[in-house]
J.: 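This structure is in structure tokens; I'll ask about it shortly.
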Amino acid sequence: MRNITMTLPSALPSMVWGWRELLGLCKIKVVVVMLVCAAVGMALATPGLPPLTKVILGLAGIGLASCGAAAFNHVIDRHLDAVMTRTSRRPVASKRLPVTIALAWACLLSVAGVTLLAWQINVLTAVLTSASLIGYALIYTAFLKRATPQNIVIGGVAGAAPPLLGWVAITGQVSSEPLLLMLIIFAWTPPHFWALAIHKCDDYARAGIPMLPVTHGLPFTRLQIWLYGWLTVLTTLLPVMIGMSGVLYLVIVISLNARFMFWNWQVWRGHDATAPIGAFWFSIRYLLGVFGALLLDHYAAALAW
């Protein structure tokens, strides 16, 4: 009994450490941003408040599947991650977590998420979530990321899906409004990620990943960030043009766009080495701000009626 008692305390830290590593595969911060966008899609899908049960179960299913896709990304990219400073300490890349366990965890999360959506929400949401998962984990991570400098642009379709998934979870059908929300994220993704790619250009070059700054140089990438930034601005104005949002949204989004393009201008000029990483971090707050403005305008209009 004494030997068992003395063994248990030493085993507990490794169990806690193991769960910490598994959670590390889920890219929780990225998933949270995705779930916010999905939740806004749910809210905009109905004039009033969406059913709470559908919101909770829908976000749980989408979140589990997103975590599964992130875990697949860790497994597939483990060799590339190991040679990059930014990712070398990831659980699988650093060999703190065996590949078989990480793969099993990715499968468990993915199957659990899609099954929950098909069982408690609707089949269409489950199918679209599965397509998004496959698009990110296999098409983008396993193929596009290594094949073309347009990897972020093409693969951005999968990452832009959350508001569509949220909308379909409530309505059970696809319509123009959630596709527009999806378009906003699709246009936003290249300037967001290329800013990080500039900041970590040496990392990507060392890993042999054909990111745009590696294949076409920094000046060309900075120009693309500037141009895609304006495309993003245009897409954020479309909700007003089609009557989906009103004056409150327009005022907020104009302010956000001014700051967003200021950062992109700083990157385009190329005079400040810290501008790309500053633009990257602001772009996350920008996207959350745009979707927050959509939500605020939606409920302000509902209260006005």
Side-chain angles (χ1 to χ4, degrees), residues 28-66 117 121-122 124-125 128-129 132 156 158-189 191-192 229 231-261 263 281-305:
I28 297 297
K29 293 180 181 179
V30 175
V31 171
V32 167
V33 174
M34 295 175 66
L35 290 180
V36 169
C37 295
V40 172
M42 291 176 170
L44 297 184
T46 177
L49 293 173
L52 183 59
T53 302
K54 277 196 171 184
V55 171
I56 294 173
L57 294 176
L59 291 180
I62 295 168
L64 286 169
S66 300
L117 291 172
I121 304 300
N122 56 63
L124 182 56
T125 304
L128 291 174
T129 301
S132 178
L164 173 64
L165 301 179
W167 185 288
V168 175
I170 300 301
T171 66
Q173 60 186 11
V174 176
S175 57
S176 59
E177 293 92 340
L179 292 176
L180 175 53
L181 299 178
M182 189 175 173
L183 180 62
I184 292 173
I185 301 179
F186 177 74
W188 163 87
T189 300
H192 162 71
L231 179 61
T232 305
V233 168
L234 176 60
T235 62
T236 62
L237 298 177
L238 291 177
V240 179
M241 295 179 186
I242 68 170
M244 183 179 177
S245 297
V247 175
L248 179 59
Y249 169 77
L250 180 61
V251 170
I252 297 173
V253 86
I254 286 175
S255 176
L256 288 168
N257 280 331
R259 187 64 177 168
F260 179 62
M261 290 311 297
W263 274 110
W281 286 116
F282 176 77
S283 67
I284 298 173
R285 299 193 295 273
Y286 166 80
L287 184 67
L288 292 173
V290 169
F291 275 78
L294 284 166
L295 190 65
L296 184 62
D297 181 272
H298 177 71
Y299 285 114
L303 290 173
W305 280 98

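What you see is a predicted model, and the numbers here were worked out from it, not measured in a lab.
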J.: How long is the straight-line distance from CG of Leu164 back to CG of Leu179, given to the nearest 0.5 Å?
T.: 6.0 Å
J.: Describe, in one word, how the ring planes of Phe282 and Tyr286 are oriented to each other, choosing from parallel (under 30°), tilted (30 to 60°) and perpendicular (over 60°).
T.: tilted
J.: Roughly how far apart are Leu294 CG and Ile252 CD1, rounded to 0.5 Å?
T.: 9.5 Å
J.: Listed by chain and number, what are the side chain to side chain donor-acceptor pair (under 3.5 Å) partners of Thr125, not counting sequence neighbours?
T.: Asn122
J.: Looking at every heavy atom in both Gly58 and Ile121, which two are closest together, and how far apart are they?
T.: N-CD1, 3.6 Å
J.: List, one per line, each side-chain donor-acceptor pair under 3.5 Å for residues 232-251, sequence neighbours excluded.
T.:
| residue | atom | partner | partner atom | Å |
| --- | --- | --- | --- | --- |
| Thr232 | OG1 | Ala187 | O | 3.0 |
| Thr232 | OG1 | Tyr228 | O | 2.8 |
| Thr235 | OG1 | Thr232 | O | 2.7 |
| Thr236 | OG1 | Val233 | O | 2.6 |
| Thr236 | OG1 | Asn257 | ND2 | 3.0 |
| Tyr249 | OH | Thr236 | O | 2.6 |

J.: Using the side-chain contact (heavy atoms from CB on, under 4.5 Å) criterion, which residues pair with Ala60? Sequence neighbours excluded.
T.: Leu116
J.: Looking only at non-hydrogen atoms, find the nearest pair between Ser66 and Val31 and report the distance.
T.: CB-CG2, 4.0 Å
J.: Taking side-chain contact (heavy atoms from CB on, under 4.5 Å) as the test, write out the residues that go with Ile28, two or more places apart.
T.: Cys26, Val32, Cys67
J.: Return all side-chain donor-acceptor pairs below 3.5 angstrom for residues 167-174, not counting sequence neighbours, or 'none' if the list is empty.
T.:
| residue | atom | partner | partner atom | Å |
| --- | --- | --- | --- | --- |
| Trp167 | NE1 | Ser175 | OG | 3.3 |
| Thr171 | OG1 | Trp167 | O | 3.1 |
| Thr171 | OG1 | Gln173 | N | 3.2 |
| Thr171 | OG1 | Gln173 | O | 3.0 |

J.: Closest heavy-atom contact between Phe260 and Ser283?
T.: CE1-CB, 4.1 Å
J.: Pair Leu295, Phe291 - check side-chain contact (heavy atoms from CB on, under 4.5 Å), show working.
T.: CA-CA 6 Å; Leu295 190 65; Phe291 275 78; over 6 Å; no
J.: Distance check, rounded to the nearest 0.5 Å: Leu165 atom CG versus Thr129 atom OG1?
T.: 4.0 Å
J.: Report all side-chain donor-acceptor pairs from residues 39-49 shorter than 3.5 Å, counting only partners two or more places apart or in another chain.
T.:
none

J.: Under a 3.5 Å distance rule, please check whether Trp263 uses its side chain to pair with a backbone N or O of Trp281 as donor and acceptor.
T.: no
J.: List for me each residue that meets side-chain contact (heavy atoms from CB on, under 4.5 Å) alongside Pro162, sequence neighbours excluded, and say none if there are none.
T.: Met34, Cys37, Ala38
J.: Mind listing the closest non-hydrogen atom pair of Phe186 and Gly156 along with its distance?
T.: CD1-C, 3.8 Å
J.: Checking the side chain of Thr189 only, and the main-chain atoms of Ile185 only, is there a donor and an acceptor separated by less than 3.5 Å?
T.: yes
